[in-house]
There are 4 protein chains.
Amino acid sequence: MNLRVGIIGATGYTGYELLRIIHRHPQAHVAWATSEKSAGQRLGDLYPSPDPTPLIRLADAPLHEADAVFLCLPHGASMEAVATLRAAGVRTIDLSADFRLPDPQLYQRWYGRPHTQPQLLATAVYGLCEVNRAAIRQAELIANPGCYPTSVNLGLWPLARAGVLGANVIIDAKSGVSGAGRKPRLSSLFVEANENLSPYSIGYAHRHISEMELILGAHVPQLEITFSPHLLPVNRGILSTMYIDIDPDLSAAQVRDIYQQQYASEAMIHLLPAGQVATLRHTVHSNRCAIGLTPLPYPGRWIVTASEDNLLKGASGQAVQNMNIMFGLPEASGLL
Amino acid sequence: MNLRVGIIGATGYTGYELLRIIHRHPQAHVAWATSEKSAGQRLGDLYPSPDPTPLIRLADAPLHEADAVFLCLPHGASMEAVATLRAAGVRTIDLSADFRLPDPQLYQRWYGRPHTQPQLLATAVYGLCEVNRAAIRQAELIANPGCYPTSVNLGLWPLARAGVLGANVIIDAKSGVSGAGRKPRLSSLFVEANENLSPYSIGYAHRHISEMELILGAHVPQLEITFSPHLLPVNRGILSTMYIDIDPDLSAAQVRDIYQQQYASEAMIHLLPAGQVATLRHTVHSNRCAIGLTPLPYPGRWIVTASEDNLLKGASGQAVQNMNIMFGLPEASGLL
Amino acid sequence: MNLRVGIIGATGYTGYELLRIIHRHPQAHVAWATSEKSAGQRLGDLYPSPDPTPLIRLADAPLHEADAVFLCLPHGASMEAVATLRAAGVRTIDLSADFRLPDPQLYQRWYGRPHTQPQLLATAVYGLCEVNRAAIRQAELIANPGCYPTSVNLGLWPLARAGVLGANVIIDAKSGVSGAGRKPRLSSLFVEANENLSPYSIGYAHRHISEMELILGAHVPQLEITFSPHLLPVNRGILSTMYIDIDPDLSAAQVRDIYQQQYASEAMIHLLPAGQVATLRHTVHSNRCAIGLTPLPYPGRWIVTASEDNLLKGASGQAVQNMNIMFGLPEASGLL
Amino acid sequence: MNLRVGIIGATGYTGYELLRIIHRHPQAHVAWATSEKSAGQRLGDLYPSPDPTPLIRLADAPLHEADAVFLCLPHGASMEAVATLRAAGVRTIDLSADFRLPDPQLYQRWYGRPHTQPQLLATAVYGLCEVNRAAIRQAELIANPGCYPTSVNLGLWPLARAGVLGANVIIDAKSGVSGAGRKPRLSSLFVEANENLSPYSIGYAHRHISEMELILGAHVPQLEITFSPHLLPVNRGILSTMYIDIDPDLSAAQVRDIYQQQYASEAMIHLLPAGQVATLRHTVHSNRCAIGLTPLPYPGRWIVTASEDNLLKGASGQAVQNMNIMFGLPEASGLL
């Protein structure tokens, strides 16, 4: 099998990363790639790369000549394009937030605009691979998870699913600057971010909270998320340091056992030995999520550290992992 | 007045920073500076600086020709030197941890060695300027606070003193690499720290917890500190993101009022307007501590962000502020 | 004396740096500061700083209530404002390139636009302090030198003036990102500049060559400059590594002697001992230029390394040094 | 074919990089890996990686169970180990400098110690793949080139070989800190290298000059190299900016043609279009060398920019490329 892949919005950081992955994927190749702004150029004209992939306008893209299409468009801009693709019967992986929340009211609340394709929401599968693999296999439309929620949900899902996670979850998260995209803005300037660390949208303000409530809230009643992202002077990587309460009757061995059972056969989860914590270096340039478990001396209280590469496991890598699952390919194909 | 200043251990990052401050201090000058390893050289031989200060051995230092002496020695090595200075009647500011904890048992517990000068502990004043100013004025021996505790204690002291701070205090702290000192070690290498973020000694393990318990615990019974330091790829700066519970009956305005009253006349505290958070950039290369107050949508829960320059307000700057207070100089002299 | 200082264009990196210097200057204070975009706000609203300086529109600035005015406007925008200030009789220091080149044809050639105030060019003094001090003392209008040329000209001026510098001068220069200003653009984004090094405008293309030809060319006939700037992933600092030919009959001691005589009493020049090279760290956050002299084993060939802080000695620091000279103040006032 | 690979000295940066490459190499696998200091541990104990490769002592390594062995030992320490491997008949790729110079006198001069295995020197092939491919195919012992010389030699080889390169070659090179290895030392500390740029061993002092003289000097009589390395605050990557004279009668098109003919079928050379310059970003995390050609307005003078990843094309990547050539594998296997 050699899948024909279309990439819509190929010139941002996630689109570029997708191109790199698909180029080295043994069972897939890039059929076409679009950019409204740079149509007519080649990717190597925009990036310091010899990549000769031509960029075309979306209107000129031969949708039917793709087995799978990835969308790397801004939130809001993706809805219409997904509807077109689905109408054409193309299997679609959307990296925007537009199909992550099943309830259009929720979308309106967090993203401040009405959802124009609510009829498609029920068909979308939230592509958190380790959690929703069975549904992903059957999916025609994948909503690829957000970067922060991937680290948080993978880090806490085993406890939530086991019914032992307490309602008060505090997440102190730190992300590299590529998470802000390739659009020039003051806060993304080198001089502003370098030698600095900036909390932003802390408390209960960041849109990604909705995805944590979606996944963890399914198992934790009255979940109360506190989420504090920080802009970190590195190119890539997310570290989430999470302060949680769990059932105080569980021993440390039992807690670890919950994770080991959940993730025993997961190639993309690096469960760290007792006494170790996740660092960015554990996962940058990989498609893995590293998870460390640290007990506190206070009964039932733990710190979970989880790291990932925000452009790989937190975006384009997980998107390809979803494609691999959808098409029955080895899950790690292209993601070594 | 022109104070004669001695600096013991002048070649580490805090010693070098002290030299730079004293050189530009209008009412003080460097009388002598010591280094056991580099005696016979000049400071400018060790740093890319034209600083011609000669380095001598401690044994050769004319203790009596100094009005104030700063010690920048490793924990444990400071005790004896302080005893010598105090026996000579010299006013002393110790940047090590050796005289920060009033109880020698506590010292033994956190630092893993017996205190050899317990008789001096009662004479030492914990030099957190904004909290202990009156005692500092009279002090002959100052224990200069640790870098992390300065940001934490200044950030939470108003609430603790007002009796409204809850027992469960979670501190997610991030520090630049200069906090690890100038000694070559693997984790301080550029390639190891750059493009990385590493939690270390998280939970209830770091020695600096003892200083938070000392200051905040005086007002908060049953205090339960959770403290997670992270090594950050910047040269200098500490940001502490603190998750706290307070009396839920307090309005946001009342909380802010508590800080404003406490810090109204403090030149070194930058209390940020509502809606703002502290970043490293607020305080790096200054002697200030910036404090931001962010309410959560959960009653009685807040996030306090506090930043400082770990080498200035978190070490050498605060040490000079202590000297200024001790000698009746303008508190900001040399610290502009 | 307490000079009243006006700053036009106070919100870019050089304007902000000027404000910081003037705030700590013992014989000057900020009378007013302008920003067309941010008028009505305070500086501390735009920078993570407690600086309360109000920003006004240039049209509202009381020009006569300033003894000295600094202009931090883009090239081209400065010409008219300077003319207005000079007509009002205010002593002016222009940080743009608009008055650096005495010949309007040269300005047209390098800056691609006609000079609209050619009559003022003859009155402008090129403010390279160590070279033009006598003229600066009398000046009413200073053209503050460019960042790159300051390091190059200070590094080679002694040899040029002594008549021993050969015509073929190769300069490999590296600058921190603040040199590109605070305007959002793709190449200044953190992710683009970090973990990267980019040559740009190399060979004979960069406008700053004109200032090197101005200063060095006055003494070196047929000067052939090759100038290769590189964008360096640091906030501030310039290092110029210069490959030159000089009179092969000069001994190493004679070469060094030429520098020592020229710079013997210069507080802002740090002439490094034989065997040392200039690094960024020698000068960042100072107003100095560090210069290292390295002989090659080929007769008459040398490498000169020169570093400076591009925002201080390369811009705002040198501008204040010029002000100090113009008004008879101690040359290092505010520049410690 | 599935080659059995042994790696001696697997825990430094180049050894770790080799392990990563061989793990993803489709026709090779790691048979054993050695570390004297960390024998008994697994690689994942030393790096933030799940790599389970066990580390053994060299004395315990089953030499005959490897088809190819890589040595990542310090200069000087490699000689004896290579002799043992060759005596055992194992094909060997040495990443140290010990077999790069054919003349033991030259080795003594540049490395300050006698060569203990001079009889092997004649059998060693200098593994600059694009230059020595035919010899590499037959080689039993490869001396893998140094990081700096790879960028310099690949950047200038076409001109040297064509007989048009002038004798005076000035190389201003900049390298990331991983080039200094993983051994803790002051100059490699984060705080020392970050926000800094340091020239070192400039002029005619760095050992790597010997490899430039070896390759370029074979075609350029009286070659006069000037070589100025700079320590750059990035993890990886080398950029060499080279100032050269060539035959002034050559047109720009002819110069470019020389490169195109030499490198037409080279997958690892990225010859940039006219008007472009090489940046680190062109090659970091790839096994390519990017080359840009910039004419100067002075007849016969050019700037050549060449970049590479110092750990890949400059070390471990090129080592695997050599292995691929030696064993008749696709040259890019494992190096995508």
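Proteins get letters first, then strands, A, B, ... in listed order; numbering begins at 1 in each.
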Student: Measuring heavy-atom distances to chain B, does D:Pro48 have an atom under 4.5 Å in its side chain, in its backbone, in both, or in neither?
Tutor: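 It is neither, since no heavy atom gets under 4.5 Å.
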Student: Given the options D:Asn235, D:Val234, D:Asn196, which has more heavy-atom pairs under 4.5 Å with chain B than any of the others?
Tutor: D:Asn235
Student: Who in residues 181-194 of chain D is close to chain B, using a strict under-4.5 Å heavy-atom cut-off?
Tutor: D:Arg182, D:Lys183, D:Pro184, D:Arg185, D:Leu186, D:Ser188, D:Leu189, D:Phe190, D:Val191, D:Glu192, D:Ala193, D:Asn194
